[in-house]
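Heads up: the structure comes next, in structure tokens.
As the structure lists them, so they are numbered: ligands from 1, and atoms in each ligand from 1. All of these numbers come straight from a predicted model, not from anything done at the bench.
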Amino acid sequence: MFKGKARAYTNIALIKYWGKKNEALILPMNNSLSLTLDAFYTETEVIFSDSYIADEFYLDDTLQDEKATKKVSQFLDLFRKEAGISLKASVISQNFVPTAAGLASSASGLAALAGACNTALKLGLDDLSLSRFARRGSGSACRSIFGGFVEWEKGHDDLSSYAKPVPSDSFEDDLAMVFILINDQKKEVSSRNGMRRTVETSSFYQGWLDSVEGDLYQLKQAIKTKDFQLLGETMERNGLKMHGTTLAAQPPFTYWSPDSLKAMDAVRQLRKQGIPCYFTMDAGPNVKVLVENSHLSEVQETFTKLFSKEQVITAHAGPGIAIIE
Ligand code: 2P0
């Protein structure tokens, strides 16, 4: 029997990953850059044993269906191949996120599972290799191996596509990210399907590709010079462009809801009042607001008035993957 357990934190991209050039290997079209956060994480235990006749996957104490188990099985296969074993496994995963917030993250989940497999099978993978493996489960998971600012180098094949930490002289410790949880009950387009549809059909997608490298350059300059305004403006612009591509997809779609617009507008109003803060959004209606700790209370106050207290959650920079057992 081989056993391992790991914890990984979720991350939010400031420069988005949006589109794959290789679906099977999960190689992205562009580099992305994220901030790992402390508020939401996943703990995953894996046990490989000859007592199992098939892989099983429990998430938050619930046995998962065939589809979810298949995804985990295929991911486990990568590690079984690396270790030269064929034992089946039990995967027990716990998401530490506010209930029903729509924040369960494949990034933290797959990163934690990669770490647990590495420990269980004594593979001795270093963090860069672990990031490559995590990428094969879910693209954004490769960034959750590391804490703080992290860049996913798109690479050109399996070996060259992985994330690495971005030197920042602890700039991230000055920052907070306030989550505005917006649940509009709408049936959402998964990020995987959404990005595929965009790459294949959106006439705006080339515009995204043409400008993302410039945004990445600016964002890295902002980290280097600890320029919060440049950091925020670049993040906000890049996120808006990503969401713009979905409007020109066939069929078109959007992750925005009326409350997302309300939150974005509040951020703009705060800026008009002289409070520097900036928003970004992912494949769902939640809005994330980046602010310096020195202005955090004003942002929290504004959003708890506009939304309910339970809808406003504050996160700070979080650590990389941790092996628990
Ligand atoms: C990101 N997203 O950079 C972007 C921005 C959503 C919007 O990475 O297909 O779950 O498993 O590689 O990693 C979410 O996509 O997609 C994502 P797959 P993933 O955070």
Measure the CG-CG distance between Asn11 and Leu37 for me, rounded to the nearest 0.5 Å. 7.5 Å

Does a salt bridge link Glu236 with Arg271, judged by any charged N lying under 4.0 Å from a carboxylate O? yes

Can you list the atoms of ligand 1 that are under 4.0 Å from a heavy atom of Arg192? 9 (O), 11 (O), 18 (P)

For ligand 1, the portion of Lys71 having any non-hydrogen atom under 4.0 Å away: neither

Under 4.0 Å from any heavy atom of Lys20, which atoms of ligand 1 are there? 9 (O), 12 (O), 18 (P)

May I ask you to check whether Asn11 has an N/O atom sitting below 3.5 Å from an N/O atom of ligand 1? no

Gly139 N/O under 3.5 Å from ligand 1 N/O: yes

Shortest non-hydrogen contact from Ala176 toward Leu296: CB-CD1, 3.9 Å

Within-cut-off N or O pair, Ser106 and ligand 1, under 3.5 Å: yes

Quick one: side chains of residues 113-122, donor-acceptor pairs under 3.5 Å with protein atoms, not counting sequence neighbours, listed by atom name and distance.
residue: Asn118; atom: OD1; partner: Gly124; partner atom: N; Å: 3.3
residue: Asn118; atom: OD1; partner: Leu125; partner atom: N; Å: 3.0
residue: Asn118; atom: ND2; partner: Leu125; partner atom: O; Å: 3.2
residue: Thr119; atom: OG1; partner: Gly115; partner atom: O; Å: 3.0

Give a yes/no on ligand 1: does Arg135 have at least one heavy atom closer than 4.0 angstrom to it? no

On the 0 to 90° scale, with breaks at 30° and 60°, tag the Tyr255-His243 ring pair as parallel, tilted or perpendicular. perpendicular

List, one per line, each side-chain donor-acceptor pair under 3.5 Å for residues 46-54, sequence neighbours excluded.
residue: Ser49; atom: OG; partner: Ser51; partner atom: N; Å: 3.0
residue: Ser49; atom: OG; partner: Ser51; partner atom: OG; Å: 2.8

Check this for me - ligand 1, Ser138, N or O atoms closer than 3.5 angstrom, yes or no? yes

Backbone or side-chain N or O of Ser191 under 3.5 Å from ligand 1 N or O: yes

Give the minimum heavy-atom separation between Thr314 and Ala39, together with the two atoms involved. O-CB, 4.1 Å

If the cut-off is 4.0 Å to any non-hydrogen atom of Ile26, which atoms of ligand 1 fall inside it? 12 (O)

Atoms in ligand 1 with a heavy atom of Lys16 nearer than 4.0 Å: 3 (O), 5 (C)

So, regarding Tyr17 and ligand 1 (criterion: nitrogen or oxygen to nitrogen or oxygen, under 3.5 Å), is there a contact or not? yes

